[in-house]
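Report on one structure; see the data block that follows.
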Protein chains: 2
Amino acid sequence: MSAKPRIERAALEVFAAHGVDGATTKLIAARAEVSEGAIYRHWKSKDELAIGLFMAAHKRLSDLIETEAGAVHGVAAKAAALVKAYCTAADEDWTLFSFHLLQLHHFLPYYQDDGRDPVTLVETIIKYAMMKMELPPGDPRVVAAMAIGVITQTAQNKAYGRLGDDALSAHAPLMTAAVLAVLKAR
Amino acid sequence: MSAKPRIERAALEVFAAHGVDGATTKLIAARAEVSEGAIYRHWKSKDELAIGLFMAAHKRLSDLIETEAGAVHGVAAKAAALVKAYCTAADEDWTLFSFHLLQLHHFLPYYQDDGRDPVTLVETIIKYAMMKMELPPGDPRVVAAMAIGVITQTAQNKAYGRLGDDALSAHAPLMTAAVLAVLKAR
DNA sequence: CATCAGTATGTGAGCATTTACTTGCGTGTC
DNA sequence: GACACGCAAGTAAATGCTCACATACTGATG
């Protein structure tokens, strides 16, 4: 089988486990069962590899949010759809999503904020819902952060092995209720 | 002035900004305005320095949780006290707390789980409240994760510069309401 | 009070090792 | 024969850490 996808998988795993700076090309190559040189056939540098993987996850998440939120009406429905979609996607490719979740801060300097990153998208949805009086007024940045935190911290704790082997989806109903409660709380 | 505290401050800043693996002893020394050798007068290795700083923050947070939660009765009061205490402490030493928050995953392998880490403490409080019928039944691990996420994600977004220069405490009332809503949601 | 060994602290040049990355070569495919 | 792909060995730079030396403090001694 060709080496590129094997390298991508291996890199994802190693980056998720050791962080981008902690990961070595040697380790990635070993895990992918290729030589180090093989990596540089497909990427110019270790960082380019990391950024590529991260941006793919980031874009996939942004797209997921846009389509899921666009498909239904009302914040409550949007919240439910988003939670469910995130959980499902995370369960389907846990390595990708835990990498995205745990290594986010490494890539903050890179992505230009064009309003299409996940957090900003959620902020926009909330701001709009406040305008339409679906939600009580408040700082959308904070409300968005809190709502997102319900999901991300749960996912993080699962990544840290604190939730056993349950799928994240198993907790989706509870998380949905919690997110809705956060949105309405004041 | 003696070098040790200057090194600790510098290390905290550099670790918070670049991560433990991304930080170099050269950078830390430069920022502390000492030679690299000075670091090794006080710590055996870069990792020992990092672990020391992290554990100090970790213990401080655990102590804070135990005392604050022990001082009042009822989950609602405990939650309010904890949110306020965390916000205040974080504002007082933002560098320390953002380091703790952002670099947590690096140190997971190190701390033995003696039930005195912040997450487990919160889980215990919630479990107890459920037994006393103060909260509706549910998986305490998930409920704790969600409630904690309300705080940590907000703090994280502030660390990422998404909340402007507001003190975290400025949002404490809103966060308290949100945490309570999460605890009761089902 | 002066002295001086003992100790703690800081320096900066340098060392061994690791790391990301390169290069020359072989192999299979169109 | 051109080209894409992969390998093994190698390179230059960076990194964590050490070591011989210098300096400042301490406190017991005469």
Side-chain angles (χ1 to χ4, degrees), chain A residues 1-57 95 99-100 102-111, chain B residues 1-57 95 99-100 102-111:
Chain A
M1 202 220 304
S2 114
K4 193 173 176 184
R6 282 222 313 282
I7 294 172
E8 285 174 333
R9 270 290 115 186
L12 225 43
E13 292 168 16
V14 176
F15 285 146
H18 297 88
V20 177
D21 288 314
T24 66
T25 51
K26 208 179 279 275
L27 228 177
I28 295 170
R31 188 154 202 142
E33 294 178 297
V34 293
S35 70
E36 273 186 87
I39 296 174
Y40 294 90
R41 282 283 169 211
H42 301 281
W43 293 275
K44 285 174 74 173
S45 67
K46 186 183 89 164
D47 274 304
E48 204 192 58
L49 166 58
I51 293 174
L53 291 171
F54 179 81
M55 286 305 172
T95 313
F99 161 69
H100 181 262
L102 299 174
Q103 303 304 324
L104 217 174
H105 61 287
H106 186 90
F107 300 95
L108 279 179
Y110 293 100
Y111 66 76
Chain B
M1 203 222 303
S2 111
K4 194 173 176 185
R6 283 224 310 284
I7 293 172
E8 286 174 333
R9 270 290 114 184
L12 224 43
E13 292 168 16
V14 175
F15 284 147
H18 298 88
V20 176
D21 289 314
T24 65
T25 50
K26 212 177 277 277
L27 228 177
I28 294 170
R31 189 154 201 143
E33 294 179 298
V34 291
S35 70
E36 273 187 86
I39 296 173
Y40 294 89
R41 282 289 166 206
H42 302 280
W43 292 274
K44 284 173 72 174
S45 67
K46 186 183 88 164
D47 274 304
E48 205 193 57
L49 167 58
I51 293 174
L53 291 171
F54 179 81
M55 285 308 172
T95 313
F99 161 69
H100 181 261
L102 299 174
Q103 303 302 324
L104 218 173
H105 61 285
H106 187 90
F107 301 96
L108 279 180
Y110 294 98
Y111 67 78

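Lettering follows sequence order; numbering is per chain, from 1. Every heavy atom of this structure was used, including side-chain atoms; hydrogens, water molecules and symmetry mates were not. Remember, predicted model here, so these are calculated numbers, not experimental data.
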Item to check | For B:Glu8, salt bridge (charged side-chain N to carboxylate O under 4.0 Å, His left out) partners two or more places apart | outcome: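 For B:Glu8, no residue satisfies salt bridge (charged side-chain N to carboxylate O under 4.0 Å, His left out) once neighbours in sequence are set aside.
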Next on the checklist: Restricting to salt bridge (charged side-chain N to carboxylate O under 4.0 Å, His left out), what partner residues turn up for B:Lys26, sequence neighbours left out?
Outcome noted: B:Glu36
To the nearest angstrom, how far is [X] atom [atom1] from [N] atom [atom2]?
{"X": "B:Asp47", "N": "D:dC17", "atom1": "CG", "atom2": "P", "result": "7 Å"}
{"X": "B:Lys46", "N": "C:dT18", "atom1": "NZ", "atom2": "C1'", "result": "13 Å"}
{"X": "A:Ile39", "N": "C:dC21", "atom1": "CD1", "atom2": "P", "result": "9 Å"}
{"X": "A:His18", "N": "C:dT18", "atom1": "NE2", "atom2": "P", "result": "16 Å"}

Item to check | Partners passing ring-ring contact (aromatic ring centres under 6.0 Å, His included) against B:His106 (at least two apart in sequence or in another chain) | outcome: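 Partners of B:His106 by the ring-ring contact (aromatic ring centres under 6.0 Å, His included) criterion come out as none, since no residue qualifies.
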Checklist entry - What side chain to side chain donor-acceptor pair (under 3.5 Å) pairs are there with at least one residue in residues 12-23 of chain B, not counting sequence neighbours? => result B:Glu13-B:Arg31
Checklist outcome for this item: With sequence neighbours left out, the residues meeting side chain to side chain donor-acceptor pair (under 3.5 Å) with A:Arg6 are none
Next on the checklist: Return the CZ to CD1 distance between B:Phe15 and B:Ile28, rounded to the nearest 0.5 Å.
Outcome noted: 4.0 Å
Quiz: residues 39-57 of chain A side-chain donor-acceptor pairs under 3.5 angstrom, not counting sequence neighbours:
| from | atom 1 | to | atom 2 | distance (Å) |
| --- | --- | --- | --- | --- |
| A:Ser45 | OG | A:Glu48 | N | 3.1 |
| A:Lys46 | NZ | A:Val20 | O | 2.9 |
| A:Lys46 | NZ | A:Ala23 | O | 2.9 |
| A:Glu48 | OE1 | A:Lys44 | N | 2.9 |

Checklist entry - Can you give one letter per nucleotide of nucleotides 1-8 of chain D, 5' to 3': B if a protein heavy atom sits under 4.0 Å from the base, S if only from the sugar-phosphate, - if neither? => result ----BBB-
Checklist entry - Can you check whether A:Leu108 reaches A:Leu104 side chain to side chain, under 4.5 Å on heavy atoms? => result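 With C-beta onward as the side chain, the pair touches.
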Checklist entry - Considering only heavy atoms, which members of residues 19-30 of chain A lie under 4.0 Å from some atom of DNA chain D? => result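 None, since no heavy atom is under 4.0 Å.
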Checklist entry - Counting only side-chain N and O atoms of B:Tyr40, is one of them less than 4.0 Å from OP1 or OP2 of D:dC17? => result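 Yes, because at least one side-chain N or O of B:Tyr40 sits under 4.0 Å from OP1 or OP2 of D:dC17.
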So which protein nitrogen or oxygen atoms get under 3.5 Å of nucleotides 27-30 of chain C's nitrogens or oxygens?
none

